[in-house]
Amino acid sequence: VILQRLRLSNFRQYRGEHELSFSVDEEKNVTVIRGVNGAGKTGLFYALNWVLYGAEGIPGNLINKGAARDEQLAKAFVELHFLHEGNRYVVRREESITPSGAEQEEAFRIEVRESGGRVREVQNPSQRVNVILPKDARPYFFFNGEKIDEMARPGHEEQVKDAVRSVLKLRVLERAAQHLREVAKDFGKTYRETQLDSEQLGQVAAIEALQNSIEGTEERLNQLKATDTQVTAQLQTVRNKLDHLAELRVIQEEEKALLEAVEPLREEREKVVDRIRHAVSRAPATVAVDAVTRARALLDDKRQRGEVPPGVGQLLIEDLLRSGACICGRTLDTDARSVLQERFRSTPSAALANSVASSAGEMRGLEVRAESTLKELRDAMVLRSRLEERISESERRLSEIHEKRLGREFGEDVNRLEQGRRQLENRSIETKAELREAELGLDTARRELTRARERLASAEAKTAKGQKAKARYGLALGAADGADDLLRRFAADMRNQIEAATDEIFRGIVWKKEQFERVRVTEDYRLEVQDRFGTNSFADLSAGERQVLSLSFISGMSRVTGEEAPLVIDTPFGRLSEAPIASIAVRLPELTKQLVLLVTDREIDTESERLLKPRLGREFLLRFDDSLGETRIEQVL
Amino acid sequence: MGVLDLVRQYLSTYDKETAAILAAVIVEEQAVADIERPQIKGRIRDVVDAQARVAESGDR
């Protein structure tokens, strides 16, 4: 922290607005503010303390009495501008008087003006101040020189210890360790709460059993499916065989029927053949039938012409002449009788006529017989042809049946096949029933497995959460142990370094250089000074020596920690004699980045002023107007 | 260089995970405001959780 500017209004003896700028020059890092007793040095010291930390520890009213008297609802403010980590901070605190006459804080805010020009208001100004310049460490950078020796007095160890813890940020490490342990405890609790219980472990076992059961059922199912396929195939084969046998039976029956039908046909054919043979044996007569017919036609022609007398005509004429009457009963007259007689006389002899007539009759009989024989022969041959056709058709069908039967003889018993078919059908039914049962069982097991897995997944998620909590428990606990270890090591190292720095600074400033051998900072942060005889001479130190020891300790801490806190010392040399003042005037500017000294005229003599001058950057004079009771700030350098 | 910068110099002596957690926790503890005290445990829990996630992602 580098203080830049202080503005104040109506604060203590500073009525109206006043302002002073601190030296920010690294070489001339000293700002001296001079004033007589009561001029307002402590008022400025309080202004710095109030704007940062509030009214705690500041006695009396803050608002200028004249303003409070003259102005209705008078207000006071202090505004501090400082640099920190590259940013410019403006801290402002305001106080006002209420209508009842009491003072009350009206505002406290911090603006951060970043290097890029962005301005933002800090949300928690008290906390921010405490981070930048810890309140506990305030006595180490804002202090009264006349009282600083108290730090080195016995009985102030706890105060020193608190301040050191604050300056060294040991409290940050302490809180880190504490909170890490609490977080570890929370993670440990989560871990314990998310362990698998016996029911969840049972769930795991149930899932394993279900998985085994499903695997077994799936295997059984596959076997059953294979069996079903095999049985179905076998059954189909047997059914095909049986179907073929049924077809064969039909063929056999047809064959039998054909054989039964064809045999009579054959017998009949034989008879017809016999008939034909018989007819053929009579066939020679038929050969002469044409000649006979022609002969009979010739005889008939002869007879018509009377060349061959018909025996019957002569007899008839004889009968008619004998009876004297026609065959119609009419009596033959003379003419008729003459005609008949003439006819009777011209007619050949009866023997010839009879012989011709007989021959003609025999010829006629021969013709008739020949026609009969031919007809019989034709009929028999037609019948034989039809029989041959039917027999041939039957034999062709029998031949086809024979062809069909070839290769279709299974040589297996139909009953055996039927028995096999029934067995296979029963086996198929049983297999399919087993399949359905197995599938149902598998489905049920799978559903149960899904539910069990969901329950296990839930348990595993819980377990996973537990495992995560376990890992975090370990991390947090390890970090807590690390924080404790870090705290011990860091505190010990810092104490050793502060001890060395304090020793060096003290022996550089102190004027009785031969008397003091070594400064020690004990583990409980007590300051000890070993004298040349090796004994602790702390109790024998003068107030000035204790002041130097305290300053050395503060400077040592500042140097070791590297904190850029300014030293603002009110009445720094009040109890010191010339020699130590000169020594401090030389060394103190080197021990800090910025030094603000609020001094009386008599605190710094000419020699000390001469020694301080090379480091003096700004100088102000506080002028108190006794008539007004007000102080003005004059810049003299 | 501030005190916490000095503290951080010690972190290299711890294992990587502890050092990462401590560094983050120190920042949280330093930055936390008084009015945010009840929330600090949550923030530190987040720090540990984040580091655990880093470790878990490394495991994967």
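In what follows, chains are A, B, ... by sequence order, proteins preceding strands, each numbered from 1.
- In this structure, B:Asp15 contributes its side chain and B:Glu17 its backbone to a donor-acceptor pair below 3.5 Å.
- Ring pair A:Tyr191/A:Tyr473: centre-to-centre distance not below 6.0 Å.
- Side-chain contact annotation: A:Arg113 with A:Asn87, donor-acceptor N/O pair under 3.5 Å absent.
- Most heavy-atom pairs under 4.5 Å with chain B, from the set A:Asp186, A:Val560, A:Leu487: that is A:Asp186.
- A donor-acceptor contact closer than 3.5 angstrom is absent between the side chains of A:Glu174 and A:Gln178.
- A:Asp481 does not touch chain B: none of its heavy atoms, backbone or side chain, sits under 4.5 Å away.
- Of the two parts of B:Ile26, the backbone and the side chain both hold a non-hydrogen atom closer than 4.5 Å to a non-hydrogen atom of chain A.
- Interface remark: A:Leu170 contributes no atoms to any contact with chain B (heavy atom separation under 4.5 Å).
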